[in-house]
Amino acid sequence: MYDQKQIEEKWQKIWETNRLFQQTERMTDQSSNNSMKKFADMDGKEYSEKDNIYLLFAFAYPSGSGLHVGHVESKTALDILARFYRMKGKNVFFPVGWDAFGLPAENYAIKTGVHPSKTTVDAINTFRRQIKRVGISYDWANEIATSHPEYYKWTQWIFLQMFNKGLAYQKDGKVNWCPSCQTVLANEQVIEGLCERCDHEVEQKNMRQWYYQITKYQDELISGLDEVDWPAATKAQQLNWIGKKIGIDISYKVDGLERTITCFTTRPDTNFGATFVVIAPEHELATDISQGKVVPTENAQQIKDSVIEYLDQASKKTELDRQQEGKKKSGVFTGFYALNDLTGKKMPIWISDFVLGGFGTGAVVGVPGHDVRDFQFAEYVNSLASNNELKDQVSIETNHQTKNQAKIQINSQVHIHTDKIEIIRVVVGPDKDDSIIKDVTQVQEDQGKMINSGFLDGLEIHEATKKIMDYLEEKGIGKRVTSYRLRDWLISRQRYWGTPIPIVYDPEGNSHPIGEEYLPWKLPVDVDFKPTGESPLKSSQEFIDRTKNFVSDAYSELIEQKGWDKSGEGWRPEFDTMDTFVDSSWYFLRYVDSRNQDAFAAPDQLDKWLPVDLYMIGPEHIVLHLLYSRFFTKFLRDEGCLNFDEPFLKMRHQGMILGPDNKKMSKSKGNVINPDEIIEKFGADTLRVYEMFMGPLDSDKPWDIRAVIGVYKFLQKTYRLVLESEAQVVSGELKTVIQRKLHQAIKKVSEDLPQLKFNTSIAFLMEFVNLWQDAIRENKVTLSNEDKILFVQIIAPFAPFLADELYSKLTNNINNDGQYNGVHISHWPEYNPDLSKANLVNIPVQINGKLRAQLEVSTDLLDEEIIIINMALGLENIQKYLEGRIIKKKIYVPGKIVSLVV
RNA sequence: GCCGAAGUGGCGGAAUUGGUAUACGCGCACGGCUUAGAACCGUGUGGAGCAAUCCUUGGAGGUUCAAGUCCUCUCUUCGGCACCA
């Protein structure tokens with residue numbers, strides 16, 4: 001009887017005591033480098049197959065809730081590959097580790113007082129136990145955790161290298177600030193204006209922060225994507241995030257001032273239709289007006305007042321306010337005009353927050369006829385202008401309620417001398433509409449031909465773009481530029497549970513690095529977790545004392561020179577810690593040499609395993625992780641530490657496992673499937689095989705408990721057929737039928753696994769078992785022991801516990817001596833092409849594309865076109881259809897089909 | 001709005017990459033074993049029709065001897081980005 005519980009406990013123990021999958025440990029003395037075997041495929045094209053395979057599973061945060069069925073899916077998929085490749089004789093590196101720093105443990109500490117290090121260790125222990133139970137063959141000898149000083153020592157080391165090269169730097173900047181979590185948030189952590197974790201409204205705050213200069217690599221981060229085999233969507237997201245745009249900076253003279261205003265545009269072709277300029281509230285001109293540094297000739301005081309008020313309102317706006325306003329436009333007139341050289345027109349300069357300070361030049365030229373936003377802004381201005389005709393003062397009420405309190409109203413804007421904005425059509429689109437643009441639906445952006453545009457008239461817009469760029473550059477008023485959406489990476493966090501930034505500040509506030517020899521710069525333990533708006537690290541006395549000791553040693557010369565207190569008084573450590581994305585941007589490098597004390601990893605180990613051959617990671621929230629990991633890789637390559645450009649050669653995503661109700665699993669919906677319960681009832685092998693059988697790895701699929709039972713029955717049947725059937729061993733014709741199916745199964749599984757087609761592999765294994773069962777029932781015959789072993793070997797990656805049990809019984813190799821000699825270190829079987837080939841095949845016969853008959857042919861005849869066609873013509877059913885008709889065409893595709901046209 | 005992925009039985013899905021559509025599993029129906037039950041065994045199961053046969057891969061066209069697969073248009077669903085000039 002199949003007693004999965006007993007079997008699984010037994011083999012888990014045996015694998016563990018034999019340290020079976022700790023490949024790197026076993027291989028240290030014979031470390032070959034990343035050697036390639038050369039093969040030639042059928043076209044004679046050479047390809048290489050690596051001997052060393054690095055399978056990487058997404059770094060996971062050890063959350064308190066433990067393993068869920070989604071983890072099991074992706075871990076099992078990689079585990080199957082790991083076991084398969086090991087049996088194929090490859091060296092497989094399949095490590096595991098923990099992205100252990102992060103907010104949840106700290107938030108929990110704030111709530112309960114339990115130290116994050118304790119919470120983290122507990123959670124890791126739970127995960128470890130569960131993972132082992134599922135039979136994931138991780139290399140536990142190289143387990144890492146980012147919160148371990150021997151790990152973050154190197155996170156800090158990388159920071160210092162960045163610092164030395166000027167790629168880690170400080171600057172002031174507006175940051176997303178969550179008042180509830182008391183921390184700066186990355187843009188990605190702001191969801192619809194609210195904090196990702198606590199749903200509190202996010203504010204903008206000006207702070208001095210540490211940045212990594214990822215923008216240095218922006219072009220290579222684009223071009224590198226050509227080298228990797230990743231899902232199209234994931235590549236597209238990378239490109240989207242970097243947001244490279246080619247355009248032109250056009251400088252317009254400001255009437256009456258000795259300065260120009262530069263606007264970035266990708267559509268200079270429409271510049272004959274430009275009738276205004278809009279600058280961001282952060283723009284220099286806006287600041288200068290508000291400070292009285294430049295003064296318009298008319299209505300100076302009113303304009304200054306209204307600009308000050310507008311800038312004030314804009315700076316107070318939260319992300320949420322912007323969301324709620326939607327795309328409604330607002331703005332103030334500066335009193336200044338820019339001169340359009342093409343048309344000679346005076347273009348009023350406005351300030352509006354729909355223009356972003358951080359993109360392009362922070363100023364745009366408004367072409368209301370051919371840009372929807374510009375059109376909307378023109379409508380807004382023109383409505384003001386109409387009101388102005390009635391009275392000088394208008395009041396705009398932006399009546400929006402925010403979650404907590406703020407009811408911001410813009411009441412008293414002064415608009416003096418507001419001209420109407422002219423809307424000029426310069427493009428006629430495919431709809432041939434050349435009328436005056438009065439409605440937003442007429443705003444044609446994409447395609448068409450130029451009109452009202454002087455020397456551009458008649459040109460198609462893309463030609464016009466090129467021509468005008470040339471023209472503007474020639475005249476010296478334009479310069480082709482490339483603009484990026486990507487910003488430098490803000491890495492500091494006002495948080496406790498993260499990697500300390502290895503920096504101290506002298507009494508004058510200048511920053512100084514903590515030298516490599518002083519690393520790890522440890523995270524203090526004696527901190528107060530109560531959120532105060534300041535980093536919890538400030539509450540550590542040990543941290544302050546340590547800093548003094550450090551500087552009086554490391555910076556004694558400087559202290560001497562400046563005449564500062566020798567005890568280090570007046571110095572302070574950097575209290576911010578690093579974004580956890582920093583920790584996870586290089587973990588795959590540490591894995592390969594995880595206990596190295598002298599380097600983040602030794603060159604020969606890096607060379608042996610990297611880059612990663614297959615990265616399995618969910619499709620969600622990975623844009624930045626991938627961008628940052630690629631950035632680190634390129635930086636460390638430039639530092640001479642790595643000799644490759646892209647860290648992850650191939651990447652695949654697992655889909656989401658949905659609840660039985662076809663909805664995303666969540667506690668509140670009560671549709672969460674707990675893997676422990678499934679293992680308890682049916683065993684880990686059933687859980688594994690079921691999850692692999694559900695469907696393609698990368699698609700979302702709902703849980704179906706009845707199908708789990710189906711898989712359980714399949715494994716049960718397998719056990720019975722291998723060990724308990726009393727049938728005779730076959731010979732003769734029947735033997736060849738079963739054997740053929742067996743060898744077809746070997747072929748099928750061997751071909752499907754590298755493509756990650758686990759579901760079809762399992763389906764074929766089921767077909768085989770069904771056929772085998774029929775043979776036993778109907779003819780009382782079964783497979784030989786040798787053939788049974790072959791079958792057990794090919795199910796071993798899927799159901800490793802069951803397979804080891806069956807294998808040990810079949811080989812009589814119960815390891816009493818403690819030495820493991822089981823199926824997982826046996827050699828993957830080769831299929832025998834002669835045995836897998838049928839001697840008779842069915843060739844379908846079509847007439848006019850419709851299936852009319854089947855022709856049974858001996859395999860030997862498959863290449864004999866004339867014989868086969870004649871045989872087909874001779875079939876009774878075919879004769880019937882051909883009666884009285886002339887055959888126009890006869891087609892035979894060898895081994896596939898006969899097609900007749902009448 | 002932009003980018004990306006995907007639409008096949010009652011359900012999850014398969015289809016050698018242009019060659020027998022619906023493999024495998026679930027469910028369902030009927031029969032068997034059993035005092036009974038089903039996580040047991042057997043048979044059947046895309047739709048219409050007594051049948052021959054006809055229809056069927058979101059929809060409409062097209063290419064081809066042959067289309068789930070290729071091309072054009074279109075609809076729907078899901079995911080990401082979004083006032084980025």
Side-chain angles (χ1 to χ4, degrees), chain A residues 231-237 239-241 243-245 247 263-268 270 278 280 322 325-329 352-356 358-367 370-374 376-377 445-446 483-486 619-623 653 655-656 658 662 681-682 689-690 693-696 698-714 716 747-748 751 757 759-770 777 842-854 880 887-902:
Chain A
T234 306
K235 283 192 183 183
Q237 281 174 7
L239 288 175
N240 237 326
W241 196 272
K244 180 175 180 171
K245 291 241 167 76
C263 300
F264 174 73
T265 179
T266 57
R267 292 296 305 280
T270 60
V278 188
R322 289 179 206 273
E325 263 174 40
K327 296 187 175 163
K328 210 175 139 194
K329 300 290 182 288
S352 174
D353 62 5
F354 86 87
V355 175
L356 307 173
F359 186 81
T361 58
V364 300
V365 55
V367 183
H370 301 285
D371 182 285
V372 169
R373 292 155 308 186
D374 293 351
Q376 289 165 341
F377 190 73
E445 297 183 315
D446 284 325
S483 175
Y484 297 83
R485 198 188 88 107
L486 183 71
E620 294 163 317
H621 305 124
I622 56 168
V623 181
H653 305 313
M656 207 189 308
L658 307 170
N662 225 320
K681 268 192 184 155
F682 303 104
V689 175
Y690 169 64
F693 183 60
M694 289 173 89
D698 55 2
S699 54
D700 296 350
K701 32 208 180 255
W703 190 270
D704 180 358
I705 187 63
R706 290 173 304 209
V708 177
I709 294 164
V711 167
Y712 181 67
K713 288 198 283 190
F714 162 66
Q716 218 170 21
K747 182 168 190 274
K748 176 78 176 161
E751 287 171 357
K757 291 163 75 175
N759 54 335
T760 50
S761 292
I762 294 167
F764 203 92
L765 291 169
M766 286 173 168
E767 280 186 56
F768 169 72
V769 165
N770 291 343
R777 191 167 37 234
N842 276 331
I843 303 287
V845 183
Q846 290 183 344
I847 295 175
N848 288 348
K850 295 205 167 160
L851 179 70
R852 294 302 182 193
Q854 297 279 345
K880 193 174 84 189
I887 300 174
K888 291 183 196 144
K889 207 166 177 183
K890 301 172 198 165
I891 296 159
Y892 172 59
V893 183
K896 297 246 164 106
I897 204 159
V898 174
S899 187
L900 305 170
V901 188
V902 295

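Keep in mind that this is a model prediction, so the values were computed, not measured. Hydrogens, waters and symmetry mates are skipped; everything else that's a heavy atom, side chains included, is used.
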Would you call the rings of A:Phe377 and A:Phe354 parallel, tilted or perpendicular if under 30° counts as parallel and over 60° as perpendicular?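 Tilted: the ring planes of A:Phe377 and A:Phe354 meet at 30° to 60°.
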Nucleotide nearest [X] when distance is taken to its side chain, options [options]:
X	options	result
A:Lys701	B:U20, B:G13, B:G27	B:G13
A:Phe693	B:G25, B:C81, B:U20	B:G25
A:Val364	B:A39, B:A85, B:C24	B:A85
A:Asn240	B:G19, B:C24, B:G80	B:G80
A:Leu356	B:C65, B:A85, B:G4	B:A85
A:Phe264	B:C54, B:A85, B:U20	B:A85
A:Lys329	B:C83, B:A15, B:A23	B:C83
A:Ser899	B:G19, B:G27, B:C81	B:G19
A:Lys889	B:G13, B:G27, B:C65	B:C65
A:Arg777	B:C24, B:G42, B:A39	B:G42

Could you state the interatomic distance from [atom1] ([X]) to [atom2] ([Y]), rounded to the nearest 0.5 Å?
X	Y	atom1	atom2	value
A:Ile897	A:Ile843	CD1	CD1	9.0 Å
A:Lys701	A:Phe693	NZ	CZ	12.5 Å
A:Phe764	A:Lys747	CZ	NZ	9.5 Å
A:Lys244	A:Asn240	NZ	CG	15.0 Å
A:Phe714	A:Ile762	CZ	CD1	7.5 Å
A:Ile847	A:Ile887	CD1	CD1	8.0 Å

On a whole-Å scale, what distance lies between the [atom1] atoms belonging to [N] and [M]?
N	M	atom1	result
B:G10	B:C28	P	16 Å
B:U22	B:A67	P	16 Å
B:G68	B:G61	P	15 Å
B:G9	B:U74	P	24 Å
B:C30	B:U76	C1'	39 Å
B:G25	B:G37	P	25 Å
B:U20	B:U56	C1'	15 Å
B:U77	B:U8	P	14 Å

Rounded to whole angstrom units, what separation is found between the [atom1] atom of [X] and the [atom2] atom of [N]?
X	N	atom1	atom2	result
A:Asn759	B:A15	CG	P	7 Å
A:Phe359	B:A82	CZ	P	13 Å
A:His621	B:G79	NE2	P	12 Å
A:Asn842	B:A23	CG	P	17 Å
A:Lys850	B:A52	NZ	C1'	14 Å
A:Gln237	B:A5	CD	P	11 Å
A:Tyr690	B:A39	OH	P	16 Å
A:Lys713	B:C40	NZ	P	3 Å

Which is true for [X] with a 4.0 Å heavy-atom rule: it touches a base, it touches only sugar-phosphate, or it touches nothing?
X	value
A:Gln716	nothing
A:Thr266	sugar-phosphate
A:Lys245	sugar-phosphate
A:Val278	nothing
A:Gly360	nothing
A:Ile891	base
A:Val901	sugar-phosphate
A:Gln846	base
A:Arg485	base
A:Pro696	sugar-phosphate
A:Ala233	sugar-phosphate
A:Asp700	sugar-phosphate

Go nucleotide by nucleotide along RNA chain B from the 5' end; which of A:Asp704 and A:Lys880 gets its closest nucleotide reached first?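 Final value for this comparison: A:Asp704.
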Want to settle it: does A:Phe682 or A:Asn848 sit nearer the 5' end of RNA chain B, counting the closest nucleotide to each?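 Going by which nucleotide is closer to the 5' end, it is A:Phe682.
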In B:U57, glycosidic geometry as syn within 90° of 0 or anti otherwise: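 B:U57: anti glycosidic orientation.
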Is the base of B:G42 syn or anti, if syn means a glycosidic angle within 90° of 0?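 Here B:G42 takes the anti form, which means its glycosidic angle is more than 90° from 0.
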Partner nucleotide, any strand, of [N] [Watson-Crick/G-U, under 3.5 Å]:
N	value
B:U22	none
B:C81	B:G1
B:G49	none
B:U43	B:A29

Under 4.0 Å between a side-chain N or O of A:Asn770 and OP1 or OP2 of B:A23?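 False: A:Asn770 side-chain N/O out of range (4.0 Å or more) of B:A23 OP1/OP2.
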Is any side-chain nitrogen or oxygen of A:Lys757 closer than 4.0 Å to OP1 or OP2 of B:A15?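 Checking B:A15 against A:Lys757, a side-chain N or O does come within under 4.0 Å of OP1 or OP2.
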Given side chain to side chain contact (heavy atoms under 4.5 Å, CB included), test A:Arg267 with A:Val367 step by step and report yes or no. CA-CA 9 Å; A:Arg267 292 296 305 280; A:Val367 183; over 6 Å; no
Identify, with sequence neighbours excluded, every residue that meets ring pair (Phe, Tyr, Trp, His ring centres under 6.0 Å) alongside A:Tyr484.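 By the ring pair (Phe, Tyr, Trp, His ring centres under 6.0 Å) rule, A:Tyr484 matches no residue at all.
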Check step by step if side chain to side chain contact (heavy atoms under 4.5 Å, CB included) holds for A:Trp703 and A:Val708. CA-CA 9 Å; A:Trp703 190 270; A:Val708 177; 3.7 Å; yes
